[in-house]
Amino acid sequence: MATVKQDVEAVKEWLSCEVRLDRYADKLESNGFTSLELCCTLNENALDKMEIVLPYHRKRFLMYAQKLREKLGLGLTKSLIEILRYLRS
């Protein structure tokens, strides 16, 4: 089982190598996106809350969150995603 530190490092690597928006690593971590599983739940509301406003960056986050769900085999349904978001708020 991965430690919190390992999970956070995995998020940073994902941001750097795949999303190519590693400048947002601290912002994601401070808003509770501390694992790849949690990054799968990124949506428009989360991006608004984190004040990520550049359209191209928002599009990349949403696209790569979807790819991450597919890569991790997390067939998260919309209702499950909403439950996870509610629990995090």
Side-chain angles (χ1 to χ4, degrees):
M1 184 168 203
T3 66
V4 173
K5 184 176 180 178
Q6 290 170 324
D7 285 344
V8 170
E9 288 302 314
V11 170
K12 289 179 180 180
E13 183 177 337
W14 175 69
L15 286 171
S16 177
C17 297
E18 293 186 41
V19 185
R20 301 205 185 273
L21 291 173
D22 54 324
R23 70 176 82 179
Y24 294 108
D26 291 336
K27 195 171 275 205
L28 262 67
E29 184 177 356
S30 66
N31 281 276
F33 292 95
T34 55
S35 72
L36 294 176
E37 289 79 7
L38 290 170
C39 289
C40 288
T41 67
L42 279 168
N43 66 4
E44 295 280 352
N45 292 335
L47 298 175
D48 288 342
K49 182 179 177 184
M50 292 185 284
E51 299 178 350
I52 297 174
V53 297
L54 295 174
Y56 180 70
H57 291 184
R58 293 173 69 90
K59 182 178 180 179
R60 286 188 71 80
F61 271 115
L62 297 174
M63 178 177 66
Y64 280 94
Q66 176 62 39
K67 287 183 178 190
L68 187 58
R69 281 192 291 276
E70 294 166 5
K71 183 177 180 179
L72 296 177
L74 298 175
L76 298 177
T77 63
K78 187 172 183 174
S79 59
L80 180 56
I81 290 171
E82 293 301 320
I83 291 168
L84 288 171
R85 286 187 193 125
Y86 173 78
L87 292 174
R88 291 187 51 244
S89 61

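If you read the sequence from its start, that first residue is 1, and numbering goes on from there.
Connection of L21 to L62 is established within a shared hydrophobic cluster, with ILVMFWY side chains joined at heavy-atom distances below 4.5 Å, either directly or through further cluster members.
Residue E18 qualifies as enclosed at atom CD: its count of foreign heavy atoms under 6.0 Å is above 12.
With rounding to the nearest 0.5 Å, the separation of NZ in K5 from CD in E9 is 7.0 Å. If you take CG on D22 and CD on E13, they are separated by 11.5 Å, rounding to the nearest 0.5 Å. L47 CG to F61 CZ: the interatomic distance, rounded to the nearest 0.5 Å, is 7.0 Å.
Under the 3.5 Å distance criterion, the side-chain polar atoms of S16 are left unmatched by any main-chain donor or acceptor of K12.
Closest of all the heavy-atom pairs between L36 and A10 is CD2-O, 3.8 Å. The minimum heavy-atom distance linking A25 with L15 is given by the pair CA-CD1, 3.5 Å. For the residue pair M50 and F33, the shortest heavy atom distance occurs at CE-CE1, 3.9 Å. Across all their heavy atoms, N43 and A46 have their closest contact at OD1-N, 2.8 Å. Counting all heavy atoms, side chain and backbone alike, A65 lies closest to L42 at CB-CB, 4.1 Å. Taking each heavy atom of L38 and G32 in turn, the nearest pair found is CD1-O, 3.2 Å.
Counting only residues at least two apart or in different chains, side chain to side chain donor-acceptor pair (under 3.5 Å) contacts with residues 51-60 comprise Y24-H57, E44-R58, D48-R58, Y56-R60.
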